[in-house]
Amino acid sequence: MKVLIIGSVAAGTSVAAKARRNNEEIEIVIYEKDSDISYSGCGLPYYIGEDYIQREDLTPRNPSWFKKRFNLDIKVLHEVLSVDHEKKEVSVKNLSSGEEFIDKYDKLVFATGASPIIPPIENLENDFTFMLRNVNQADKVSEFVEQNKPKNAVIIGAGYIGLELAENLKHIGIDVTIVERGSLPMPNLDKDVAVHIAKELRNNTVTFMGNESVKGIIYNDEEKLVQLESGKTIATDFVVVCVGVKPVTQLAQNIGVDIGYKGAISVDKFMQTNINDVYAVGDCALSYSAIDNNPIWVPLGSTANKMGRICGDHITGGTLSFQGILGTGIFKLFDLSVGMTGLTEQQAIEKDYNYVVHHNYKPNQSQYLKTSKEMMIKMLADKDTGKVLGAQIVGKNGVDKRVDVIATAITFGATAEQLFHLDLAYAPPFSTTKDPVHYSGMVLNNAIKGNNQIITPQQLNANRDEFVVIDVRANHQYESAHIEGAINIPLAKIREEYKTISKEQKVVVHCNKGVSGNAAQNILLNLGFKEVYNLSGGFKNYKNVASI
């Protein structure tokens, strides 16, 4: 049997490696039109910004390594021009020599990945504007920086790569302006989470220009300007376009492979397409949500590696199957870590879930330690089933641990109540006695099964006239800043002064972060108030989201 694989980054090489581990007899050939294989695309911003990271750190394996280790052939600078699935053959061009030839296969795997989206910007083709998708493109940025010693840069797009690149350019002394057509960075996150990213950019003197699109680039011997649709211009030394990627599927489309959500190739749980003996893996292929089984496309190296392993196993008679993904991701921006898994609140709304949400501000470890830093966990759970739907977390320490715990819990269908019962590791340097994950699960479960209802700042503001708001913080905190129209009754006095409020009214209580608000909520409910809500995340969360 002969297996041909088109593409040799994370997914393609994973197919080949697993297939070889399962079977020593099959012939495996990979065609790659780039010069690099099996490289770390996620490491590109750090390669540009850190002088100790060398090119070989991102490209640790070459075709010779794979030949020696797995007895397979990777042919770089070879582009597959067409596929004839009936004859089971491909037309290939050697980009070095110009030679074209035909190769045959028994099994074909599309691992063609994704390519940068090129926005319709005037004068985009020039010698100071770059894309950032592969190592060669990162080389060009690094060479430009080294040769021209630029003082400032414009990054178009505020996704993973754009934000990580902003940090790394600042690290080497370049002033950065980010242009984003959305109102906030990371448009795939909820806005009340993205505000923390915007704040981190401001704290590190990165200029963020939201609700802006680039019309064109104007340049001459004297200056380089990025022209925005609003009419504003930004002087710059160079530009990097990071507006996202799209699946590369034209070869597959040409032979009638089904294309699904987001333009990615539809596959089954074994990575098979609708055409016999034709597979697709990695960024060109469609995944499905482990929560609701609906199509999802999240192009990440972790998913590509899983898909490749499953495909290589199935081709050689194995039983591995794809179990779906949650869209789990994490990135670092200066001192801030940002992680997410499962559904955002916006996605839950779009999918018509009956959900409850909570914003939890807690230290990542015992607060008396000098390394303790606050994190914010926004978590959602299904009101009907109690199951955790998703979480987004921002903080300086401990974010990765919590994201992975929650991702694991969602994968196995955990409820909010079960989060509280998790036997998590505790010692002061690592956690608090009641971990932030425990606390989030406890609060959500109380909202689902009890009377401890939660209200978000957005929900409160949308229906402000319906509620009496009681601020249970100390007088000096209230006097410093408070929600307009709120009544200040400190928690210690609430049992004495509650009588001024009708028990029939809808009441929202809040403290600074939520804990004392919850205590006040319990007191009022026990005193006979019929409808009492605790403000999610307290006044701190209210202030953070006031601008969105």
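Since we're looking at a predicted model, the values are computed, not measured.
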Could you grab the distance from atom OH of Tyr46 to atom CG of Leu165, nearest 0.5 Å is fine?
10.0 Å

What pairs meet the salt bridge (Lys or Arg N to Asp or Glu O under 4.0 Å) rule with one or both residues in residues 461-470, with sequence neighbours excluded?
Glu466-Lys506

Glu484: which residues meet the salt bridge (Lys or Arg N to Asp or Glu O under 4.0 Å) condition with it, sequence neighbours left out?
none

Show the numbers, then the answer: is there a ring-ring contact (aromatic ring centres under 6.0 Å, His included) between Phe420 and Tyr439?
CA-CA 7 Å; Phe420 173 69; Tyr439 193 89; 9.6 Å; no

Geometric cation-pi criterion Arg55 and Tyr47, 6.0 Å radius, 45° cone
no

Do Tyr533 and Phe467 have ring centres separated by under 6.0 Å?
yes

Just checking, any donor-acceptor pair under 3.5 angstrom between side chains of Tyr52 and Asp57?
no

Output the distance between atom CD (Gln458) and atom OG1 (Thr456), rounded to the nearest 0.5 Å.
4.5 Å

Take atom CG of Asn451 as the centre, draw a 6.0 Å sphere, and report whether it contains more than 12 heavy atoms from other residues, nucleotides or ligands.
no

Phe238 six-ring face occupied by Lys224 cation (under 6.0 Å, within 45°)
no

Check the pair Glu345 / Tyr355 against side chain to side chain donor-acceptor pair (under 3.5 Å), numbers first and verdict last.
CA-CA 9 Å; Glu345 184 176 8; Tyr355 69 92; 2.7 Å; yes

Quick note, salt bridge (Lys or Arg N to Asp or Glu O under 4.0 Å) partners involving residues 171-188, not counting sequence neighbours, are Lys170-Asp175

Just checking Gln367: does its CD atom have more than 12 heavy atoms from other residues, nucleotides or ligands closer to it than 6.0 angstrom?
no

Out of curiosity, Ile494 CD1 to Ile470 CD1, how far, rounded to the nearest 0.5 Å?
5.0 Å

Heavy-atom donor-acceptor pair, Asn148 side chain to Pro150 backbone, under 3.5 Å
no

To the nearest 0.5 Å, atom NZ of Lys540 lies from atom SG of Cys511 at 12.0 Å

Considering residues at least two apart in sequence or located in another chain, which fulfil the salt bridge (Lys or Arg N to Asp or Glu O under 4.0 Å) criterion with Lys351?
Asp292

Is it the case that over 12 heavy atoms from other parts of the model lie below 6.0 angstrom from the NZ atom of Lys191?
no

Please step through side chain to side chain donor-acceptor pair (under 3.5 Å) for the pair Asn534 and Asn518, ending with a clear verdict.
CA-CA 6 Å; Asn534 189 14; Asn518 177 252; 5.8 Å; no

With a 3.5 Å cut-off and no angle check, do the side chains of Asn294 and Ser289 form a donor-acceptor pair?
no

Strictly distance-based, threshold 3.5 Å: is any side-chain N or O of Glu531 a donor or acceptor partner for the main-chain N or O of Val507?
no

Decide side chain to side chain contact (heavy atoms under 4.5 Å, CB included) for Phe208 and Val179; before the verdict, give the C-alpha distance in whole Å, the side-chain angles of both, and the deciding distance to 0.1 Å.
CA-CA 6 Å; Phe208 177 78; Val179 179; over 6 Å; no

Scan side-chain atoms only and decide if Ser183 and Asn211 contain a donor-acceptor pair under the 3.5 Å cut-off.
no

Do other residues, nucleotides or ligands put more than 12 heavy atoms under 6.0 Å from the OH atom of Tyr160?
yes

If you count heavy atoms of other groups shown closer than 6.0 angstrom to CG of Asp352, is the number above 12?
no

Roughly how far, to the nearest 0.5 Å, is the NZ atom of Lys215 from the OG atom of Ser230?
10.5 Å

What verdict does the salt bridge (charged side-chain N to carboxylate O under 4.0 Å, His left out) test give for Glu374 and Lys396, after you've listed the backbone C-alpha separation in whole Å, the side-chain angles of each residue and the deciding distance to 0.1 Å?
CA-CA 7 Å; Glu374 187 174 80; Lys396 294 187 176 182; over 6 Å; no

Are Asp190 and Gln392 close enough, and set up right, to give a side chain to side chain donor-acceptor pair (under 3.5 Å), and what steps lead you there?
CA-CA 8 Å; Asp190 288 329; Gln392 298 159 78; 2.8 Å; yes

Got more than 12 heavy atoms from elsewhere within 6.0 Å of CD, Glu146?
no

What do the steps show when you test Asp192 against Asn544 for side chain to side chain donor-acceptor pair (under 3.5 Å), and what is the final call?
CA-CA 7 Å; Asp192 52 3; Asn544 283 333; over 6 Å; no

Please evaluate residues Ile393 and Val338 with respect to the criterion side chain to side chain contact (heavy atoms under 4.5 Å, CB included), reporting the C-alpha separation (whole Å), side-chain torsions for both, the decisive distance (0.1 Å), and the verdict.
CA-CA 6 Å; Ile393 310 178; Val338 184; over 6 Å; no

Verify, without hydrogens or angle tests, whether Asn360 (side chain) and Ile377 (backbone) share a donor-acceptor contact under 3.5 angstrom.
no

Under 3.5 Å, which donor-acceptor pairs link side chains of residues 406-418 to any protein atom two or more places apart or in another chain?
unit_1: Thr408; atom_1: OG1; unit_2: Asp404; atom_2: O; d: 2.8
unit_1: Thr411; atom_1: OG1; unit_2: Ala407; atom_2: O; d: 2.8
unit_1: Thr415; atom_1: OG1; unit_2: Gln418; atom_2: N; d: 3.2
unit_1: Thr415; atom_1: OG1; unit_2: Gln418; atom_2: OE1; d: 3.4
unit_1: Glu417; atom_1: OE1; unit_2: Lys449; atom_2: NZ; d: 2.5
unit_1: Gln418; atom_1: OE1; unit_2: Thr415; atom_2: N; d: 2.8

Just checking Lys246: does its NZ atom have more than 12 heavy atoms from other residues, nucleotides or ligands closer to it than 6.0 angstrom?
no

Any donor-acceptor pair under 3.5 Å from Arg133 side chain to Ala114 backbone
yes

In Å, rounded to the nearest 0.5 Å, how long is the span from CD1 of Ile48 to CD1 of Ile172?
8.0 Å

Assess whether side chain to side chain contact (heavy atoms under 4.5 Å, CB included) is satisfied between Leu336 and Val399, documenting all intermediate values.
CA-CA 9 Å; Leu336 195 69; Val399 170; over 6 Å; no

Are side-chain heavy atoms of Val394 and Val193 found at a separation under 4.5 Å?
yes

Is the closest side-chain heavy-atom distance between Glu229 and Glu212 below 4.5 Å?
no

Go through the steps to decide whether Glu200 and Lys332 satisfy the test salt bridge (charged side-chain N to carboxylate O under 4.0 Å, His left out), and finish with yes or no.
CA-CA 11 Å; Glu200 187 70 7; Lys332 174 184 166 293; over 6 Å; no

May I ask you to test the Ser366-Tyr426 pair for a side-chain heavy-atom distance under 4.5 Å?
yes

May I have the list of side-chain donor-acceptor pairs in residues 427-435 shorter than 3.5 Å, sequence neighbours left out?
unit_1: Ser431; atom_1: OG; unit_2: Asp435; atom_2: OD1; d: 2.6
unit_1: Thr432; atom_1: OG1; unit_2: Lys434; atom_2: O; d: 2.7
unit_1: Asp435; atom_1: OD1; unit_2: Arg402; atom_2: NE; d: 3.4
unit_1: Asp435; atom_1: OD1; unit_2: Arg402; atom_2: NH2; d: 2.8
unit_1: Asp435; atom_1: OD2; unit_2: Arg402; atom_2: NE; d: 3.4
unit_1: Asp435; atom_1: OD2; unit_2: Val437; atom_2: N; d: 2.9

Apply the test side chain to side chain contact (heavy atoms under 4.5 Å, CB included) to residues Asn452 and Ile454: give CA-CA distance (whole Å), side-chain angles for both, the deciding distance (0.1 Å), then the verdict.
CA-CA 7 Å; Asn452 294 82; Ile454 307 166; over 6 Å; no

Aromatic plane relationship, Tyr361 with His196 - under 30° parallel, 30 to 60° tilted, over 60° perpendicular
tilted

Whether Trp297 side chain and Tyr288 backbone form a donor-acceptor pair below 3.5 Å
no

